[in-house]
Colleague: 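Got a structure for you, written out below as structure tokens; questions coming shortly.
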Amino acid sequence: MDDRQFRNAMGKFATGVTVVATEVAGNVHGMTANAFMSVSLNPKLVVISIAEKAQMLEKIKQSKKFSVNILAAKQQELSMIFAGQLKNQQEVPFERIEGIPVLPGAVAQITCEVSAEHVEGDHTLFIGRVTSINLEDSDPLIYFGGKYRSLADE
Ligand code: FAD
């Protein structure tokens with residue numbers, strides 16, 4: 001099986017898009033991620049999967065905290081910024097919840113403390129214990145087949 005076939009298969013799984021954010025020594029770092037899921041209700045746990053080559057890996061290892069910001073349909077540009085797909089460096093304003101940076105306008109802002117990390121292949125899974133949740137009532141950004149989409153009207 002080649003890498004392309006694996007990527008194509010994973011791309012058949014439609015997801016939302018998140019920006020994972022953390023702060024180290026006063027510098028906020030964000031990264032686009034769709035490898036995110038809920039793990040447990042009691043206690044409330046989520047998981048994110050971060051590539052070994054990502055700058056984000058060492059930052060979360062240091063801070064032991066992160067937020068997961070589920071992007072709204074109108075936030076595609078932010079997804080591209082935090083995936084390094086836009087050339088011009090842009091200033092992105094963050095707010096803070098319990099000292100953790102969160103993205104304004106996200107449909108959900110979920111703050112977490114790292115409760116465990118597992119190295120698996122070329123990624124590290126961070127299990128996050130959820131410390132706060134903020135919700136906004138708008139449609140999410142969708143990612144499917146390597147392209148951004150939006151929810152079709154019912
Ligand atoms: P960099 O590449 O250095 O940073 C990413 C970009 O964010 C840079 O352009 C940087 O300038 C900008 N940036 C960071 N912080 C700020 C800030 N405070 N203000 C303004 N700009 C800032 N990778 C994974 O490991 N796991 C995933 O689940 C995952 N899912 C993805 C889903 C999608 C839809 C896409 C498009 C990409 C996904 N990626 C995922 C790939 C990942 O987003 C990129 O490889 C990313 O560039 C890795 O970021 P980095 O931490 O190495 O930092």
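Note that ligands are numbered from 1 as they come in the structure, with each ligand's atoms numbered from 1 the same way.
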Colleague: For ligand 1, which atoms, with element, lie under 4.0 Å from some heavy atom of Ala35?
Modeller: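 The atoms of ligand 1 under 4.0 Å from a heavy atom of Ala35 are 28 (O).
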Colleague: Just let me know how Ser79 lines up against ligand 1, side chain, backbone, both or neither, with a heavy-atom cut-off below 4.0 Å.
Modeller: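 No part of Ser79 comes within reach of ligand 1.
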Colleague: Between Met31 and ligand 1, is there a nitrogen or oxygen pair with a distance under 3.5 Å?
Modeller: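 No - when backbone and side-chain N and O of Met31 are compared with those of ligand 1, no distance drops under 3.5 Å.
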Colleague: Would you please name every residue forming a side-chain hydrogen bond (donor to acceptor under 3.5 Å, both in side chains) with Thr15, sequence neighbours left out?
Modeller: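 Asn34.
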Colleague: Give me the nearest non-hydrogen protein atom to atom 30 (N) of ligand 1 as residue plus atom name, then the distance to 0.1 Å.
Modeller: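 Answer, as residue, atom name and distance: Asn34 N, 3.0 Å.
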Colleague: Looking only at atom types and distance, does a side-chain atom of Asn69 sit under 3.5 Å from a main-chain N or O of Leu103, one as donor and one as acceptor?
Modeller: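 Pair found, side chain donor or acceptor close to backbone of Leu103.
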Colleague: Is there a chain of hydrophobic side chains (I, L, V, M, F, W, Y, each step under 4.5 Å between heavy atoms) that links Val68 to Leu71?
Modeller: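 Val68 does not cluster with Leu71.
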Colleague: Taking 4.0 angstrom as the limit and counting only heavy atoms of Gln90, give me the atoms of ligand 1 inside it, by number and element.
Modeller: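 The atoms of ligand 1 under 4.0 Å from a heavy atom of Gln90 are 20 (C), 21 (N).
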Colleague: If I compare all heavy atoms of Pro140 with all of Leu151, which pair ends up nearest, and what's the gap?
Modeller: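 That closest heavy-atom pairing would be CD-CD1, 3.6 Å.
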Colleague: For ligand 1, indicate whether the residue Gln55 contacts it via side chain, backbone, both or neither (heavy-atom separation under 4.0 Å).
Modeller: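 Both parts.
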Colleague: When clusters are formed by joining ILVMFWY residues with side-chain heavy atoms under 4.5 Å apart, either directly or through shared neighbours, do Tyr143 and Leu86 land in the same one?
Modeller: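 Yes, Tyr143 connects to Leu86 through the hydrophobic network.
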Colleague: Any protein heavy atom at under 4.0 Å, with atom 45 (O) of ligand 1 as the reference point?
Modeller: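 Flag for atom 45 (O) of ligand 1 set to false, no protein heavy atom closer than 4.0 Å.
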Colleague: Going by heavy-atom distance to atom 8 (C) of ligand 1, choose the closest among Ile81, Val17, Leu86, Leu103.
Modeller: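 Nearest heavy atom to atom 8 (C) of ligand 1 lies in Ile81.
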Colleague: With heavy atoms of Ala54 as the reference, note each atom of ligand 1 found under 4.0 Å away.
Modeller: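 Those qualifying, in numeric order: 51 (O), 52 (O).
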Colleague: If you measure every N or O of Thr32 against every N or O of ligand 1, does any of those distances drop under 3.5 Å?
Modeller: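 By distance alone, the answer is yes.
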Colleague: Side chains of residues 57-66: which donor-acceptor partners sit under 3.5 Å, not counting sequence neighbours?
Modeller:
unit_1, atom_1, unit_2, atom_2, d
Lys61, NZ, Glu117, OE2, 3.1
Ser63, OG, Thr22, OG1, 2.6
Ser63, OG, Lys59, O, 3.2
Ser63, OG, Lys65, N, 3.3
Ser63, OG, Lys65, O, 2.9
Lys64, NZ, Lys61, O, 3.4

Colleague: Which heavy atom of the protein is the closest neighbour of atom 25 (O) of ligand 1, given with residue, atom name and distance?
Modeller: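 The closest one turns out to be Ala51 N, 2.8 Å.
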Colleague: Can a non-hydrogen atom of Gln85 be found less than 4.0 Å from any atom of ligand 1?
Modeller: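 Judged by the 4.0 Å heavy-atom criterion, Gln85 does count as contacting ligand 1.
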Colleague: Can you hop from Met37 to Ile127 via hydrophobic side chains spaced under 4.5 Å?
Modeller: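 Met37 and Ile127: one cluster.
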Colleague: Heavy atoms only: give me the nearest Gly128-Cys112 pair and the separation to one decimal.
Modeller: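 That closest heavy-atom pairing would be CA-CB, 3.9 Å.
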Colleague: Check whether Lys12 reaches the backbone of Ala9 with its side chain - one donor and one acceptor, N or O, closer than 3.5 Å.
Modeller: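 Not at all, since once roles are kept as given, no pair shorter than 3.5 Å links the two residues.
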Colleague: Which of the numbered atoms in ligand 1 are under 4.0 angstrom from any heavy atom belonging to Val28?
Modeller: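 Those qualifying, in numeric order: 15 (N), 17 (C), 18 (N).
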Colleague: Does the Thr111 side chain pair with the main chain of Ser132, one donor and one acceptor, at a distance under 3.5 Å?
Modeller: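 Side chain of Thr111 to backbone of Ser132, a donor-acceptor pair under 3.5 Å: yes, one is there.
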Colleague: For atom 53 (O) of ligand 1, which of the options Met56, His29, Glu52 provides the nearest non-hydrogen atom?
Modeller: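 Checking each option, the heavy atom nearest atom 53 (O) of ligand 1 is found in His29.
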Colleague: Please list the nearest protein heavy atom to atom 5 (C) of ligand 1 with its residue and the distance rounded to 0.1 Å.
Modeller: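 The protein heavy atom lying closest is Phe82 O, 3.5 Å.
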Colleague: Which protein heavy atom lies closest to atom 47 (O) of ligand 1, and at what distance to 0.1 Å?
Modeller: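 Ranking protein heavy atoms by distance from atom 47 (O) of ligand 1, first comes Ala83 O, 3.4 Å.
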Colleague: Just how far is it from atom CD of Glu120 to atom OG of Ser49, taken to the nearest 0.5 Å?
Modeller: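 One finds 9.0 Å between CD of Glu120 and OG of Ser49.
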Colleague: Are any side-chain N or O atoms of Thr124 and backbone N or O atoms of Val119, one a donor and one an acceptor, separated by less than 3.5 Å?
Modeller: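 No, because the side chain of Thr124 does not come within donor-acceptor range (under 3.5 Å) of the backbone of Val119.
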Colleague: Are Val28 and Ile100 connected in the hydrophobic side-chain network, where two residues link if heavy atoms are under 4.5 Å apart?
Modeller: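 In one cluster: no.
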Colleague: Around atom 10 (C) of ligand 1, find the nearest protein heavy atom and jot down its residue, atom name and distance.
Modeller: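 Here the nearest protein heavy atom works out to Gln89 NE2, 4.1 Å.
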Colleague: Hey, which atoms in ligand 1 end up nearer than 4.0 Å to a heavy atom of Gly30?
Modeller: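 In order of number, 7 (O), 14 (C), 15 (N).
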Colleague: Please check whether Ile50 reaches ligand 1 - meaning an N/O of the residue sits under 3.5 Å from an N/O of the ligand, judged on distance alone.
Modeller: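 Between Ile50 and ligand 1, no N or O pair is found under 3.5 Å apart.
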Colleague: What are the atoms of ligand 1, with element, lying closer than 4.0 Å to any heavy atom of Tyr143?
Modeller: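 Within the 4.0 Å cut-off of Tyr143, ligand 1 contributes 34 (C).
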Colleague: Who's closest to atom 26 (N) of ligand 1 heavy-atom-wise, of Ser49, Pro93, Pro101?
Modeller: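 Of the listed residues, Ser49 has the closest heavy atom.
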